Engineer: 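One structure follows; several queries about it will come next.
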Amino acid sequence: MSTPLPVVLAGARGHGRWHLENIRRLGRAGLVRLAGICEPTPLTEDEFGGELPEQSADFGALLESTGARIAVICTPIPTHTDLALTAARNGVHILLEKPPAPSYAEYRRMADGVAEAGVACQIGFQSLGSHALPAIRELIAQGAVGQLVGLGGAGAWVRDEAYFRRAPWAGKRRMNGADVIDGALTNPLAHAVATALALGGSTRAEDVTAIETELLRANAIESDDTSCVRVTTAQGHPVTVAATLCAERADEPYVLVHGSSGRITFWYKQDRVLLQRADHGPQEYEYGRTDLLENLVAHLTTGAGLLVTPDATGAFMKVVEAIRQAPDPAPLPDTAWHRIPGENRRVVPGIDGLVAAAADTLSLYSELGAPWVLPPARRKEVSTR
């Protein structure tokens with residue numbers, strides 16, 4: 001490749017700052033060039049940290065004026081589909097931040113439109129670029145832990161009350177009549193769901209046959225901050241993921257592969273793997289990771305395969321849809337949480353252990369005896385697609 005590919009970044013504040021730094025990193029390597037930034041309010045030079053590229057609030061016009069080959073979209077969840085389709089109509093390839101859409105219908109509209117336009121689209125589940133994934137799949141295929149029984153996911157995170165005011169759509173299920181679905185399992189800890197599904201080979205929509213949800217909230221928000229989900233898969237093994245943003249202490253999220261004669265723990269943010277099996281000592285491994293924007297560039301320049309296509313997130317989007325269709329998250333009783341002095345955050349005592357137990361036993365909170373899970377908080381959705 002003789003010239004770097006021009007990139008437009010839609011959404012350069014908030015999490016978009018991570019994408020901005022990543023584009024700069026790949027720019028230094030000669031792979032891409034930041035050609036434009038799309039923000040309703042333009043960045044200042046102080047914010048950007050140097051001389052600014054072209055800026056516009058009109059995404060389509062910016063793509064056209066800059067000659068962009070790639071658009072990185074890191075904008076509010078309800079805008080993902082329309083912006084991705086705008087890029088597709090302009091013949092621009094896409095890196096779309098997760099979750100790809102707030103509903104299954106919007107996801108299908110995006111995926112079908114992108115496919116019809118013939119552009120490449122990568123969904124930003126960075127954990128699915130980990131080299132640990134193929135290594136773990138190979139261990140499973142070799143029978144290193146016996147027969148695959150199921151997969152668990154655990155995410156115990158700490159977020160203060162200001163986190164739910166970081167943007168107008170934060171902590172919302174709907175806004176101005178549009179779906180948002182900014183819950184613990186659909187946004188901040190979505191990687192736990194997507195990674196567990198991927199390790200079990202259940203990535204496409206048709207791999208999901210039923211979903212159970214338990215959605216709760218300690219914070220004064222619409223969406224869930226403490227939740228769990230169990231997915232029944234066509235492959236015959238359940239996938240249970242539990243998450244909270246009200247942990248007593250922050251912990252590294254992980255996915256647990258249950259086998260008939262062992263288990264594999266994958267700390268997906270660290271690309272770290274622990275293999276435990278009968279008649280062997282524990283074995284630890286650390287892996288590298290392929291950056292998803294770099295993979296998209298390689299796809300366009302050398303024909304490398306895309307790591308996270310829209311179709312490969314269909315099962316995850318079935319989970320998003322089940323959470324969207326479930327009853328609104330039940331508020332936890334005042335006796336189930338308390339505020340940490342000086343930290344302005346709400347904590348659910350005992351939730352750290354419940355999250356770990358759910359992943360360890362593939363059980364829902366209600367099955368683990370959590371006293372604050374009411375029957376209406378649980379619902380089963382059967383996929384018809």
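Sequence positions, counted from 1, serve as the residue numbers for this chain. Values in this document were obtained by computation on a predicted structure and should not be read as measured data.
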Engineer: Determine whether more than 12 heavy atoms belonging to other residues, nucleotides or ligands lie under 6.0 Å from atom CD of E64.
Structural biologist: no
Engineer: Backbone N or O of P310 within a donor-acceptor pair of the Y107 side chain at under 3.5 Å?
Structural biologist: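 Checking the backbone N and O of P310 against the side chain of Y107, a donor-acceptor pair under 3.5 Å is found.
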Engineer: Does one hydrophobic cluster hold both L362 and V208, with members joined at side-chain heavy-atom distances below 4.5 Å?
Structural biologist: no
Engineer: If you measure from the Lys or Arg side-chain nitrogens to the Asp or Glu carboxylate oxygens, is any gap between R272 and E252 under 4.0 Å?
Structural biologist: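 No, R272 and E252 are not salt-bridged.
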Engineer: How many angstroms lie between atom CD1 of I136 and atom NE2 of H131, to the nearest 0.5 angstrom?
Structural biologist: 13.0 Å
Engineer: Looking only at atom types and distance, does a side-chain atom of H15 sit under 3.5 Å from a main-chain N or O of C74, one as donor and one as acceptor?
Structural biologist: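 Checked: no pair found.
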Engineer: How many angstroms lie between atom CH2 of W337 and atom CZ of R346, to the nearest 0.5 angstrom?
Structural biologist: 3.5 Å
Engineer: Do any pairs count as a ring-ring contact (aromatic ring centres under 6.0 Å, His included) and have a residue in residues 147-177, sequence neighbours left out, and if so which ones?
Structural biologist: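 Passing the test, one end in residues 147-177: no pairs.
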Engineer: May I ask you to decide whether R109 forms a salt bridge with E106, counting only side-chain N to carboxylate O separations under 4.0 Å?
Structural biologist: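 Yes, this pair counts.
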Engineer: With a 4.5 Å cut-off on side-chain heavy-atom distances among I, L, V, M, F, W and Y, is there a chain of contacts connecting L31 to L95?
Structural biologist: yes
Engineer: Taking the side chain as everything from C-beta on, heavy atoms only, tell me whether L43 gets closer than 4.5 Å to R13.
Structural biologist: yes
Engineer: When you measure from the side chain of K172 to the backbone of P168, do you find a donor-acceptor pair of N or O atoms at a distance under 3.5 Å?
Structural biologist: yes
Engineer: Taking the six-membered ring of F316 (Phe, Tyr or Trp), confirm whether the NZ or CZ of R204 is under 6.0 Å from its centre and within 45° of its axis.
Structural biologist: no
Engineer: If the threshold is 4.0 Å, N to carboxylate O, is there a salt bridge linking R339 and E161?
Structural biologist: yes
Engineer: Can you tell me which residue pairs pass the side chain to side chain donor-acceptor pair (under 3.5 Å) test with a partner in residues 137-153, sequence neighbours excluded?
Structural biologist: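 Side chain to side chain donor-acceptor pair (under 3.5 Å) check on residues 137-153 returns E138-Q142.
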Engineer: Any side-chain heavy atom of E284 within less than 4.5 Å of one from L275?
Structural biologist: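 Side-chain contact under 4.5 Å: no.
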Engineer: Output yes when a side-chain donor or acceptor of H237 lies under 3.5 Å from a complementary backbone atom of V149, and no otherwise.
Structural biologist: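 Not at all, since once roles are kept as given, no pair shorter than 3.5 Å links the two residues.
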Engineer: Check for a donor-acceptor pair, side chain of D160 on one end and backbone N or O of R345 on the other, with a separation under 3.5 Å.
Structural biologist: no
Engineer: Can a salt bridge be assigned to the pair D328 and R173 using a cut-off of 4.0 Å between side-chain N and carboxylate O?
Structural biologist: yes
Engineer: Atom CD1 in I37, atom CD1 in I23: separation rounded to 0.5 Å?
Structural biologist: 8.0 Å
Engineer: Any donor and acceptor pair, going by atom type alone, linking the side chain of N22 with main-chain N or O of W18 inside 3.5 Å?
Structural biologist: no
Engineer: Ignoring hydrogens and geometry, is there a side-chain-to-backbone donor-acceptor pair from Q270 to W267 under 3.5 Å?
Structural biologist: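 Checked: no pair found.
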Engineer: Could you check if a side-chain atom of L307 sits within less than 4.5 angstrom of a side-chain atom of L128, using non-hydrogen atoms only?
Structural biologist: no
Engineer: Could you label the plane-to-plane angle of the Y268 and F266 rings as parallel, tilted or perpendicular, counting under 30° as parallel and over 60° as perpendicular?
Structural biologist: perpendicular
Engineer: Quick check: does any side chain N or O of H258 sit under 3.5 Å from a backbone N or O of L148, one acting as donor and the other as acceptor?
Structural biologist: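 Flag not set: sc H258 to bb L148 has no pair under 3.5 Å.
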Engineer: Over 60° means perpendicular and under 30° means parallel, so classify the ring planes of H191 and F125, tilted if in between.
Structural biologist: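 It falls in the perpendicular class, over 60°.
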Engineer: Decide yes or no for Q122 and L96: does some side-chain heavy atom of the first lie under 4.5 Å from some side-chain heavy atom of the second?
Structural biologist: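 Side chain of Q122 against side chain of L96, heavy atoms only: no contact under 4.5 Å found.
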Engineer: Looking at every heavy atom in both A87 and I94, which two are closest together, and how far apart are they?
Structural biologist: CB-CG1, 3.8 Å
